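To keep things clear, I will list the structure first and then write my remarks on it.
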Amino acid sequence: MRATLGIDLGGSAIKAGAVDAAAGKVVGEVQSVPTPPGAPLAATRDALATLVARFPECGGAVGLAFPSVIKHGVAHTATNVAQAWIGTDAAALLTAAAGRPGYVVNDADAAGMAEMRAGAGRGERGVVMMLTFGTGIGTALFVDGRLWPNTELGHLEVDGQEAEHRASARTRTVERLDWPAWCERVNRVLERYHALLWPDLYIIGGGVSERFEEFGDLLRAPARIVPAQLRQTAGVVGAALYAADAAGR
Ligand code: BGC
């Protein structure tokens, strides 16, 4: 079976990889280009076309994990990308850039789908919440393995501020927080999520999850807390899974 191309647009890089959708993993190298500052439409479309051209072995549909509410391919919010994305048919833009069918999904939802299929959430029932800590905080919610899309709980107010302004990985870097100080903030966020949704399991993802052994013991919640397993490739894998599923429907 041919691999499906998955692309993940993050705050600093756009990553792409050929994904074996059945196995839920990247085959070969992940390639990346810098995210054009502010991710304006035209420059982003060009960057997507550049990445697609590097994977001639991938056929069929292309998936993109994008940091915005996405409904039927259209972006509805733009927190860390250009405002012009709001109302833009991101799937049509991707299709034009790739020259073949493009499907777009929220980035945290993509990462969560990948973890549920092939990572830390495999076989998990009940309420599972995937959190991606990066430029913002992404959230993906699953009930008995089924996604509730676009939960966007990184924007929930916690102690008078949006959760992602207090506790994203970027905030940790910008404010030079050590692990205990950052985890104290994350724990407040988890407490708020718990009061709303009572998850059974939190999966901690995003780039920072690669250092989970340095801070994981400091996290507290009345639920299990585990690191993501696909780490930096979760968004790429999830985007490809989404595209493969959507193209097959
Ligand atoms: C965006 C979400 C995204 C998250 C992680 C937030 O600012 O609103 O759509 O999932 O950042 O990238």
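In listed order, ligands and their atoms are each counted from 1. Quick caveat: nothing in here was measured; it's all calculated off a predicted structure.
- For the side-chain contact (heavy atoms from CB on, under 4.5 Å) with Leu131, the qualifying choice from Val186, Thr139, Val189 is Thr139, the only one to do so.
- Between the choices Leu131, Asn150, Asp107, the shortest heavy-atom distance to atom 12 (O) of ligand 1 belongs to Asp107.
- Checked by distance only, ligand 1 and Thr77 stay at 3.5 Å or farther apart across all their nitrogen or oxygen atoms.
- Put simply, the side chain of Val237 reaches to within 4.5 Å of the side chain of Val26, judged on heavy atoms.
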Let's go through Leu147 and Leu141 carefully: what are the C-alpha distance in whole Å and the side-chain angles of both, what is the deciding distance for side chain to side chain contact (heavy atoms under 4.5 Å, CB included) to 0.1 Å, and is it a yes or a no? CA-CA 6 Å; Leu147 174 70; Leu141 188 67; 5.8 Å; no

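- In this structure, Phe212 and Phe215 have perpendicular ring planes: the angle between them is above 60°, well past the 30° mark.
- Heavy-atom separations between Asn106 and ligand 1 include at least one value shorter than 4.0 Å.
- Contact annotation: Ser68 has at least one heavy atom less than 4.0 Å from an atom of ligand 1.
- Per-residue contacts place Asn80 under 4.0 angstrom from the following atoms of ligand 1 (heavy atoms of the residue considered): 7 (O).
- Atoms of ligand 1 found under 4.0 Å from any heavy atom of Gly138 (numbered from 1 in listed order, with element): 4 (C), 5 (C), 10 (O).
- Ring geometry for Tyr103 versus Tyr242: interplanar angle over 60°, hence perpendicular rather than tilted (30 to 60°).
- The two residues Thr171 and Arg166 come nearest to each other via the heavy atoms CG2-O, 3.4 Å.
- If you look at Thr139 next to ligand 1, there are no close heavy atoms at all, none under 4.0 Å.
- Using a 4.0 Å cutoff on heavy atoms, Ile137 counts as a contact of ligand 1.
- Below 4.0 Å from some heavy atom of Glu164 lie the following atoms of ligand 1, by number and element: 6 (C), 7 (O), 11 (O).
- Interface atoms of ligand 1 facing His155, defined by a heavy-atom separation under 4.0 Å, are 1 (C), 6 (C), 7 (O), 8 (O).
- Here the closest heavy-atom approach between residue Gln31 and residue Leu51 is recorded as O-CD2, 4.0 Å.
- Among protein heavy atoms, atom 1 (C) of ligand 1 sits closest to Glu152 OE1, 3.5 Å.
- Within a 6.0 Å radius of CD in Glu175, more than 12 heavy atoms belonging to other residues, nucleotides or ligands are found.
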